[in-house]
Amino acid sequence: MRSPLSHPSSPISLQPHAAFGLLSKQELRALADRLLVQDVLAVDRCIAFVLADTRGLWHGRARAMICRRLKHCPLGRSQRTQLLSGILLRLQTGVFAEQFKDQLRLARHLDRQRTLAAAERALASSRPHVQRYAQWTVAVCQSPAPSIAIPVPRARPV
């Protein structure tokens, strides 16, 4: 089954990327570490990894680490737009993995108003996990306080 993010009519193509799918935890850490020195090639590769639809071992954690570090790197307008669109599309469709909050924090950093608007639209989703993350994102975008202090609402047992 194809992900809604990899559908040809999707505005942002988050296709599975074969090369990224094979990266090990050590290789992903090394790639993320290159962001610490703001290596331009690493920034481009990290953005491509964040946007890639991979589900490998440790990929969600690597994506989170990369997003935390990208906030401290100078990004061009097209890079910022690609990242923001890809992250907000994931929120809208509900196709995201572990540690997605770090991606949402990066989206907030890139464009708070657009992130808030997307989260408000996602509140109407029929998917409970999308609603929970949308609620968290709205709270984070409306808060002047650091986003770490706001917990994700948990589903109530039925």
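Values below: all heavy atoms of this structure, side chains included; hydrogens, waters and symmetry mates excluded. Numbering of residues begins at 1 and proceeds along the displayed sequence.
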Sorted by chain and residue number, the side-chain contact (heavy atoms from CB on, under 4.5 Å) partners of D33 (sequence neighbours excluded) come out as L36, R69
For Q79, the side-chain contact (heavy atoms from CB on, under 4.5 Å) test, sequence neighbours excluded, returns V43, D44, I47, L75
How many angstroms lie between atom [atom1] of [X] and atom [atom2] of [Y], to the nearest 0.5 angstrom?
{"X": "L110", "Y": "T81", "atom1": "CG", "atom2": "OG1", "result": "9.0 Å"}
{"X": "L70", "Y": "R63", "atom1": "CG", "atom2": "CZ", "result": "12.0 Å"}
{"X": "R80", "Y": "L106", "atom1": "CZ", "atom2": "CG", "result": "8.5 Å"}

Hey, can you tell me if F96 and H129 have their rings parallel, tilted or perpendicular (30° and 60° cut-offs)? tilted
Would the distance check show the side chain of Q99 and the main-chain N or O of A64 forming a donor-acceptor pair, the cut-off being under 3.5 Å?
no
Exercise for the section: Please check if the side chain of R34 supplies one atom and the backbone of D39 the other of a donor-acceptor pair under 3.5 Å. Expected result: no
Q: Would you sort out whether R29 and W58 count as a side chain to side chain contact (heavy atoms under 4.5 Å, CB included), showing the intermediate values?
A: CA-CA 10 Å; R29 278 181 94 70; W58 211 74; 3.4 Å; yes
Would V130 and Q92 count as a side chain to side chain contact (heavy atoms under 4.5 Å, CB included) if you check the C-alpha gap in whole Å, the side-chain angles of each, and the deciding distance to 0.1 Å?
CA-CA 7 Å; V130 171; Q92 174 189 342; over 6 Å; no
Please evaluate residues R108 and T137 with respect to the criterion side chain to side chain contact (heavy atoms under 4.5 Å, CB included), reporting the C-alpha separation (whole Å), side-chain torsions for both, the decisive distance (0.1 Å), and the verdict. CA-CA 8 Å; R108 174 185 178 235; T137 304; over 6 Å; no
Search all heavy atoms of [X] against all heavy atoms of [Y] and return the closest pair with its distance.
{"X": "Q103", "Y": "C67", "result": "CG-SG, 3.6 Å"}
{"X": "H72", "Y": "Q38", "result": "O-NE2, 2.8 Å"}
{"X": "L51", "Y": "L83", "result": "CD2-CA, 4.1 Å"}
{"X": "A119", "Y": "L91", "result": "CA-CD2, 4.0 Å"}
{"X": "R90", "Y": "A52", "result": "NH2-O, 3.0 Å"}
{"X": "M65", "Y": "A32", "result": "SD-CB, 3.5 Å"}

Across all chains, not counting sequence neighbours, the side chain to side chain donor-acceptor pair (under 3.5 Å) partners of R61 are E98
Excluding L31, membership of its hydrophobic cluster (Ile, Leu, Val, Met, Phe, Trp, Tyr; side-chain heavy atoms within less than 4.5 Å) reads none
Grouping ILVMFWY residues whenever side-chain heavy atoms fall under 4.5 Å, the cluster of V138 otherwise contains L116, L123
Residues pairing under side chain to side chain donor-acceptor pair (under 3.5 Å) where one sits in residues 109-124, two or more places apart or in two chains, turn out to be S85-R114
Exercise. Apply the test side chain to side chain donor-acceptor pair (under 3.5 Å) to residues R127 and T93: give CA-CA distance (whole Å), side-chain angles for both, the deciding distance (0.1 Å), then the verdict.
Key: CA-CA 9 Å; R127 298 180 172 136; T93 60; 5.5 Å; no
